[in-house]
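Atoms within a ligand are numbered from 1 in the order they appear, just like the ligands themselves. Values reported hereafter were calculated over all heavy atoms of this structure, with side chains retained and with hydrogens, waters and symmetry mates removed.
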Amino acid sequence: MKGYNITTLNEFIIRRQAHIPYAKGELSNLLHHIGIAAKVVHKKVNKAGLVDVLGEAGEVNVQGESQQKLDVFADMQFTAALRDSGECCGIASEENQEIITFDDELSLDGNYIVCMDPLDGSSNIDVNVSIGTIFSIYRRISPRGEKAQLIDFLQEGNKQIAAGYIIYGSSTMLVYTTGRGVNGFTLDTGIGEFCLSHVNIKTPEAGKIYSLNEGNYNKFPDGVKKYIKYCQEKDTETNRPYSARYIGSLVADFHRNLLKGGIFIYPETASAPKGKLRLLYECNPMAFIAEQAGGKATNGDVRIMDIKPETLHQRVPLYTGSRKMVENAKKFLKEFGK
Ligand code: AHG
Ligand code: MN
Ligand code: MN
């Protein structure tokens with residue numbers, strides 16, 4: 001009988017590190033701690049219907065959206081794990097107005113900062129629909145040994161050292177990149193390990209899924225309206241009409257399109273001229289993963305990862321997914337207007 005041949009997340013991280021000369025294991029340790037928090041949140045998500053974690057926590061987050069209890073739990077859990085790692089000198093979270101700096105001796109010396117959306121898709125929590133966590137890691141700019149500063153967080157996405165997401169779906173998966181391809185790990189709950197299940201993910205050049213909140217149609221720019229009509233027209237050569245798929249959790253919509261091929265759009269609208277999604281916590285990490293898988297991410301004009309962030313909670317329009325589809329959508333924006 002053949003044994004169980006698995007590669008765990010930790011094994012994979014350490015093996016990868018061995019290929020980087022002079023690597024001291026700091027990033028590996030940080031990723032390891034993210035993996036631990038992911039398992040804890042997974043456990044809570046799975047019990048969401050049983051224990052008292054559903055419903056709103058009574059506070060409103062900095063975006064003016066009501067925070068649900070699981071958001072608060074995930075935020076606390078990831079914050080604690082990052083602090084415990086000793087490699088991270090500060091974090092920026094979608095749930096907090098300001099950056100949080102870790103001021104213990106070990107963390108002050110940490111080389112990294114992390115931006116995160118601890119619970120993405122929170123409106124889907126209490127209806128048993130997939131949700132996620134998104135993270136993005138940068139090397140600090142401020143000197144080691146000192147408190148992290150805002151400039152450490154306002155770096156362009158092209159400076160990301162690593163980025164990833166966890167999807168709490170029909171199974172829990174962790175997908176991440178350090179700039180050498182994208183790999184996915186599925187949580188085997190029997191042994192409590194993330195196991196390598198999706199090696200070197202490449203997204204199809206073109207797919208037949210388009211994902212956006214079509215309820216906002218009337219508020220969309222003309223270029224997006226025209227592109228939607230294009231998606232719906234029949235054309236055998238380009239596999240149209242495409243299928244519309246929209247969950248309302250970026251992580252879940254992005255993950256499906258990454259594997260199957262497709263385009264995800266959260267455009268600027270008449271009421272939200274910068275779109276809804278956050279550059280630091282949502283768009284940059286997804287853009288890094290999309291590009292590493294051979295796809296694209298743009299705000300309709302420039303590459304997402306080349307946008308210089310001005311504020312922590314900055315929002316940007318997002319067009320991401322299969323390369324040819326994003327390029328085509330961009331043509332519509334150019335021709336018919338943003
Ligand atoms: P969050 O739960 O972190 O606030 O994010 C929700 C986001 C994102 O996950 C999703 O793509 C988008 O909001 C959905 O927005 P609409 O409901 O406007 O379509
Ligand atoms: Mn989100
Ligand atoms: Mn969130």
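Under the salt bridge (Lys or Arg N to Asp or Glu O under 4.0 Å) rule, Glu26 has a single partner from Arg144, Arg140, Arg139, which is Arg144. The one candidate from Tyr210, Tyr319, Tyr230 that meets the ring pair (Phe, Tyr, Trp, His ring centres under 6.0 Å) condition with Phe332 is Tyr230.
The main-chain N or O of Val40 is never found under 3.5 Å from a side-chain atom of Gln77 such that the two would form a donor-acceptor pair. In this structure, Asn183 contributes its side chain and Asn200 its backbone to a donor-acceptor pair below 3.5 Å.
Note on ligand 1: Tyr281 sits outside its first shell, no heavy atom being nearer than 4.0 Å.
Shown are the protein N/O/S atoms under 2.8 Å from the Mn ion (ligand 3), given by residue and atom: Glu94 OE1, Asp117 OD1, Leu119 O.
Contacts between Ser249 and ligand 1, counted as non-hydrogen atom pairs separated by less than 4.0 Å, involve the backbone only. With a heavy-atom cut-off of 4.0 Å, Arg278 touches ligand 1 through its side chain alone. If you look at Leu250 next to ligand 1, the close heavy atoms, those under 4.0 Å, come from the backbone and the side chain alike.
Less than 4.0 angstrom separates some heavy atom of Glu282 from each of these atoms of ligand 1: 3 (O), 5 (O).
Glu282 contributes atom OE2 as its closest N/O/S atom to the Mn ion (ligand 2).
Comparing Asp120, Thr133, Leu119, Val251 against atom 9 (O) of ligand 1, the shortest heavy-atom distance belongs to Asp120.
Glu156 and Lys308 are not joined by a salt bridge, as no carboxylate oxygen comes within less than 4.0 angstrom of a charged side-chain nitrogen. Salt-bridge formation is not detected for the pair Lys226/Glu335: no Lys NZ or Arg NE/NH1/NH2 atom is positioned less than 4.0 Å from an Asp or Glu carboxylate oxygen.
Every residue two or more places apart in sequence or in another chain that forms a salt bridge (Lys or Arg N to Asp or Glu O under 4.0 Å) with Lys296 is listed here: Glu327.
For Ser122, a nitrogen or oxygen atom sits less than 3.5 Å from a nitrogen or oxygen atom of ligand 1, counting backbone and side chain alike. Remark: ligand 1 and Ser123 share no N or O pair separated by less than 3.5 Å (distance only, no angle test).
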